[in-house]
J.: 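I have a structure I would like to understand better, so I am pasting it below and will then ask my questions one at a time.
Remember, it's a predicted structure, so these values are computed and weren't measured experimentally.
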Amino acid sequence: MLVLITYDVNTEDPAGRRRLRQIAKQCVNYGQRVQNSVFECMLDTAQCKVLQSKLLSIMDLEKDSLRFYYLGKRYESKIEHFGNPCGYLPEEPLIL
């Protein structure tokens, strides 16, 4: 299923900036960054729970915000994109 992950981390102190880097690093391991704090991830249920657990262990629940949007397997009809062309297709292989 396609999961859209967004986060907002309070970066007023060095600990916040470290959390921001750690959260982004974990998200990169599971998906593709589409905007600064937005990732599209193709995950099964188990992967989603593992990633969620990792991110929750990093974030500060009183200062930061984390959202998971579950778009499912038929996500194509739920996404409209305008502007700069999309650089990848979530289900296609990503060649680096």
J.: Measure across Val3 and Cys48 and return the closest heavy-atom pair with its distance rounded to 0.1 Å.
T.: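 Of all heavy-atom pairs spanning Val3 and Cys48, the closest is CG2-SG, 4.3 Å.
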J.: Leu43 versus Tyr30: any side-chain heavy-atom pair under 4.5 Å?
T.: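 Side-chain contact under 4.5 Å: yes.
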J.: For Asn29, does the CG atom have more than 12 heavy-atom neighbours from other residues, nucleotides or ligands under 6.0 Å away?
T.: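 Counting other residues, nucleotides and ligands, CG of Asn29 exceeds 12 neighbours.
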J.: Once side chain to side chain contact (heavy atoms under 4.5 Å, CB included) is applied, do any residues pair with Asp44, and if so which ones, sequence neighbours excluded?
T.: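 Asp44: side chain to side chain contact (heavy atoms under 4.5 Å, CB included) contacts with Ala46, Gln47.
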J.: Nearest 0.5 Å, please: how far is CD in Gln35 from CG in Leu4?
T.: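 If I round to the nearest 0.5 Å, the distance is 9.0 Å.
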J.: Rounded to the nearest 0.5 Å, what's the gap from CD1 on Ile58 to OH on Tyr7? Could you check?
T.: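 The distance works out to 10.5 Å.
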J.: Listed by chain and number, what are the side chain to side chain contact (heavy atoms under 4.5 Å, CB included) partners of Leu55, not counting sequence neighbours?
T.: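 Checked Leu55 against side chain to side chain contact (heavy atoms under 4.5 Å, CB included); matches are Ile5, Ile23, Gln26, Cys27, Leu51, Leu66, Phe68.
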J.: Counting only N and O atoms by type, is there a donor-acceptor contact under 3.5 Å from the side chain of Arg17 to the main-chain atoms of Leu20?
T.: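 No, because the side chain of Arg17 does not come within donor-acceptor range (under 3.5 Å) of the backbone of Leu20.
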J.: Could you tell me the separation between the SG atom of Cys41 and the CE atom of Met1, rounded to the nearest 0.5 Å?
T.: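 Reported to 0.5 Å precision, the distance equals 10.5 Å.
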J.: Name all residues meeting the salt bridge (charged side-chain N to carboxylate O under 4.0 Å, His left out) criterion together with Lys63; count only those two or more places apart in sequence or in a different chain, and write none if there are none.
T.: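 In terms of salt bridge (charged side-chain N to carboxylate O under 4.0 Å, His left out), with neighbours along the sequence ignored, Lys63 is linked to Asp13.
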J.: To the nearest 0.5 Å, how far apart are NZ in Lys54 and NZ in Lys25?
T.: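 Result: 11.0 Å between the selected atoms.
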J.: Any sub-3.5 Å donor-acceptor pair from Arg19's side-chain atoms to Met59's backbone N or O?
T.: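 Not at all, since once roles are kept as given, no pair shorter than 3.5 Å links the two residues.
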J.: With heavy-atom distances below 4.5 Å as the criterion, would you say the side chains of Asp60 and Asn10 are in contact?
T.: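 Sidechains of Asn10 and Asp60: no contact.
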